[in-house]
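Below, all heavy atoms of this structure are taken into account, side chains as well, without hydrogens, waters or symmetry copies. Naming convention: chains lettered A, B, ... in sequence-line order (proteins, then strands); numbering from 1 in each chain.
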Amino acid sequence: MSAVLPKLPRVRFALCARTLDNFRGYSRQLQQCWDFHWIFSHVLLINGGASQGKSELRFHRYARCAGRWTDPGCCCVKAPVLPVLESWDARCCSRMNSSNQRDSDIQKKIDHEIRMRDGACKLLAACSQRDQALEAAKSLQTCSTRIMAYMSELQRMKEAQVMQKVTRRSSDAGPMDDRLPCKGKVAISDLRIPLMWKDTEYFKNKGELHRCAVFCLLQLGGEIFDTDMVIVDRTLTDICFDNTIVFSEASPGFELRVELYSCCSEDDYSAGSTPRKLASKLSSSLGRSAGKKLRAAMEPGPCSPVSNGGASPLLLPVPSVPGPKYHLLAHTTLSLSHVQDSFRTHDLTISGNEECSYWLPLYGSMCCRLAAQPRCMTQQMMSGCLKVKQCGGDPQSWRKVYAVLKGTSLFCYHRQEDVEANVEPAFTIAINKETRIRASDKDPQSKVQNICISNQYGGEEVMHTLTTDSRDDTHRWMEAFWQHFYDMSQWKQCCDDLMKIELPSPRKPAPVTPKQGSLYHEMVIESSDDLSSTVSDILARRLQELELRSQLGTSPTWMSMFEENNPKSAGRPRPCTSRLSGHSPCTPHRLPRSPMSPHRCPQLGLLSSDISLTSDSDSHCSTSPCSHHHGWPEPSSNFSLMSSSPSRLRPRTLSLDAKLSTLRGRGSGGGGTFQCPCQPAPSSLLAPIPISARSPLSQRSTQTTLSCSSSTSSNSSSNSEGSHSPESSEGVPFSRPSPARRSLRNLRARLDPRNWLQSQV
Amino acid sequence: MSNLYGDAMSYVPGQPIAAVVERVQIHKLQERNNLILGFSIGGGIDQDPGQNPFSENKSDKGIYVTRISPGGPADKAGLMMGDKIMQVNGYDMTMVTHDQARKKLTKKNEAVVRLLVTRKSLEEAVKQSMGVAPNCNTATRHY
């Protein structure tokens with residue numbers, strides 16, 4: 001039985017306990033005295049107890065010395081014979097044999113984790129680079145947590161065994177009718193934790209940047225996973241973890257514990273941590289109170305705020321590992337009520353304060369997508385041959401089908417082969433929360449009960465009757481239906497519809513954009529090389545054209561386009577204007593540059609500088625022509641530059657900040673005051689561009705919106721002077737549902753968001 | 001310039017600047033609900049300095065005047081395109097974000113903004129007229 005452990009001399013204590021409860025109480029006291037973790041791994045009974053009126057129970061005390069499980073001794077307990085204990089020996093062997101498998105599984109897991117832990121310790125001691133050390137420390141933390149979780153599970157299993165024997169014997173076996181709900185898969189993905197830097201912190205350009213390495217530890221039941229490590233500093237607005245973590249064995253009452261660990265990533269680790277001698281002293285001496293703390297650490301819940309850091313505080317003596325140590329920064333627990341098919345925000349409980357070296361200013365919430373797929377939705381719960389009749393039809397219209405119960409329906413196929421062949425089922429009967437199933441009276445002919453399924457389709461009730469060949473089959477089907485209903489009642493909202501869980505697939509490395517500084521460098525201008533001469537030519541031509549046209553009274557073709565669209569946007573004449581004016585800012589900026597680097601001159605409208613991917617996205621890129629100006633010497637030349645550039649505009653992918661500010665600004669765009677009622681003639685110069693730009697705008701694809709529209713909003717927002725600081729950036733709530741979140745985030749991460757904004761004052 | 005002082009146009013963080021500046025006083029103009037100054041600014045420490053067409057040193061993150069509305073208050077006060085704004089009403093503009101700069105200029109309860117601006121031509125003018133008493137409107141400020 002004790003094949004796992006080496007044999008060691010045993011020490012016997014004699015304890016007399018009157019009842020099993022006392023006995024248990026004694027053992028608890030023993031635990032407290034010894035400050036070791038008791039694992040009831042072996043219960044040896046000495047069988048001679050019956051005659052002597054005593055039985056012995058041996059508890060092996062486990063401690064960890066030099067990296068191996070050792071058994072320095074055991075405690076023998078003599079207890080008076082109880083009816084409970086009598087039969088223990090008989091059941092013990094069978095029990096042990098059956099549960100040995102599970103124990104040994106866990107033992108194996110523990111051993112594996114211990115080996116990983118040792119490896120991580122060695123790596124940590126050996127590595128010199130900081131990020132290696134951080135990664136090693138992270139795996140150390142994960143392994144320690146897993147070990148603690150496995151050991152607590154082992155203990156619980158043992159205790160459960162002991163309890164079970166007791167209760168089974170003492171109480172008459174009632175109907176063991178505990179219906180267990182089916183398990184399911186729970187997946188958490190797209191974790192995002194917003195940070196709340198002070199604006200002075202965010203923009204201060206001090207030499208050193210306080211950086212922290214963070215990662216998340218997720219625990220559900222016995223499974224513990226960690227996310228990748230992310231380095232966070234002042235330039236980041238959120239901590240994003242792109243991992244998708246799937247837990248495969250979750251019951252409906254699951255508790256998913258999410259913990260955020262962080263570690264200050266400075267050069268010398270001794271700055272913030274306790275001096276080495278003190279740390280080792282702390283870890284090696286465990287008095288009574290420390291033992292209590294350790295036991296508290298054994299509760300499910302991997303972390304305890306032990307001062308000597310994240311190295312496994314449970315097993316002693318623990319060498320304090322040099323190197324970075326992670327500390328718990330925040331945690332939260334998610335359960336079935338938080339499961340939803342979209343992103344949700346949850347509150348975080350933050351531990352630690354500003355004084356800690358590992359502190360990060362968390363906003364206090366966390367966004368993630370928590371999805372659950374119960375087995376009853378994804379797997380076939382029951383299948384077999386049935387005869388189905390729809391009520392209201394003639395009594396002879398029984399159809400023979402092969403029925404499969406899965407998800408929220410009973411699929412009825414003509415033949416069994418159709419299921420594998422993925423042929424459409426003959427018909428489908430819905431089995432959902434509104435379905436009523438009952439067994440009807442015995443059919444006089446076949447002496448088998450029928451099953452009636454009634455659904456409400458629309459307003460009317462539709463009933464189907466099922467019958468099987470034998471009573472056992474009927475019973476099994478009823479049982480399956482009851483189980484299915486029970487599952488659905490337990491999993492609640494997860495059973496309404498199948499939630500998608502995307503398994504993490506090996507991601508291709510994202511296309512690397514050359515880091516030249518900004519998106520503008522990627523744009524290609526198809527105009528001729530020497531812009532300055534072209535510009536002046538075009539300018540002269542346009543001016544002449546307009547003068548002619550205005551004299552003649554006919555408007556240029558693009559003017560008509562502009563006018564056509566006017567009624568469309570009749571509701572928003574102002575934004576129209578502002579959109580036009582919104583283009584000007586780019587231009588004075590561009591013209592002087594053109595001699596310098598013509599090939600870099602970006603297209604109009606795309607230079608709108610409100611691709612502000614940082615949180616401070618007060619993008620003002622508008623200088624509307626001042627009302628006082630008389631002519632358009634410079635601006636118009638720039639406008640003509642715009643018209644010379646291809647009118648085909650590439651829609652920009654904007655960050656959600658900019659997009660939401662667009663939406664907000666558009667609402668207020670009409671009300672914003674603009675500096676200049678543009679003269680119609682020059683304003684029409686701008687017409688081609690916004691018009692072509694407007695068509696995609698009207699389609700309003702979710703992802704892309706043209707920058708000119710956001711320049712509208714920014715124009716309106718900037719025009720309302722400094723007092724009205726546009727809230728577009730701050731007002732955005734953190735729960736942003738968007739199908740393209742990942743891509744936007746990647747975009748944000750990869751592209752340099754620096755622009756060169758211009759504001760009108 | 002001596003080694004201790006950075007040039008106004010090429011700011012070295014941490015080093016003091018010596019610059020020849022011009023005082024420009026702009027009276028804001030009431031235009032419906034807004035008080036406008038009539039120019040546009042660009043730049044800031046959160047902006048990409050490489051795209052600044054007016055700066056000599058492309059790492060200069062200062063606030064530059066990018067456009068003057070002809071006939072506007074700024075134009076009348078003598079502000080020129082390409083000027084680098086060093087101070088606004090006493091607030092420093094050499095190390096501010098774009099938004100901070102905009103806010104300093106557009107305070108609603110101020111009718112007048114007094115700017116200290118610098119431009120290359122000023123320096124040259126001073127150098128040329130070295131020995132001659134400088135114009136009362138120009139002053140050398142040490143930052």
Side-chain angles (χ1 to χ4, degrees), chain A residues 199 202-207 516-518 520 584-585 587-594 596 600 607 609 612 614 616-631 633-635 673-676 718-726 729 752-761, chain B residues 11 13-14 26 28-29 31-55 58 61 63-76 79 81-82 85 88 95-110 113 115:
Chain A
D199 56 351
Y202 192 75
F203 292 112
K204 242 189 319 195
N205 225 355
K206 267 210 210 149
Q516 289 177 21
S518 74
Y520 309 121
S584 52
T587 56
H589 160 76
R590 215 179 310 124
L591 189 54
R593 279 191 76 204
S594 54
M596 299 196 305
R600 276 161 123 235
L607 179 61
S609 41
S612 43
T614 59
D616 181 41
S617 64
D618 290 331
S619 42
H620 318 280
C621 88
S622 50
T623 31
S624 65
C626 180
S627 55
H628 296 219
H629 81 272
H630 304 295
E634 282 180 11
T673 56
F674 299 105
Q675 308 270 323
C676 169
S718 71
N719 277 351
S720 38
E721 300 302 328
S723 55
H724 160 58
S725 63
S729 53
D752 190 329
R754 302 299 175 89
N755 310 291
W756 206 70
L757 302 179
Q758 299 180 43
S759 308
Q760 179 188 4
V761 293
Chain B
Y11 181 73
I26 308 180
K28 292 190 187 174
L29 179 72
E31 169 107 2
R32 279 172 249 173
N33 274 351
N34 310 316
L35 288 168
I36 63 162
L37 289 162
F39 66 98
S40 300
I41 55 166
I45 56 173
D46 57 334
Q47 305 298 313
D48 179 9
Q51 302 180 40
N52 188 344
F54 304 106
S55 60
K58 288 305 165 191
K61 297 190 170 184
I63 306 290
Y64 281 78
V65 176
T66 58
R67 197 185 162 276
I68 307 270
S69 308
D75 196 19
K76 289 191 200 136
L79 195 64
M81 194 164 78
I85 303 179
V88 170
M95 273 281 126
V96 289
T97 67
H98 187 87
D99 197 44
Q100 285 170 346
R102 184 189 56 86
K103 283 186 180 158
K104 292 282 186 292
L105 285 164
T106 54
K107 284 194 188 291
K108 271 216 159 162
N109 48 5
E110 288 173 356
V113 289
L115 312 179

message: Which one wins on heavy-atom pair count under 4.5 Å against chain A: B:Ile41, B:Ile63, B:Leu37?
response: B:Ile41

Residue pair A:Gln760 / B:Ser40: nearest heavy atoms and the distance that separates them: CA-OG, 3.8 Å

query: What is the minimum heavy-atom distance between B:Gln51 and A:Trp756, and which atoms define it?
result: CB-CB, 3.7 Å

message: Which heavy atom of A:Leu757 sits nearest to which heavy atom of B:Gln47, and what is that distance?
response: N-OE1, 2.9 Å

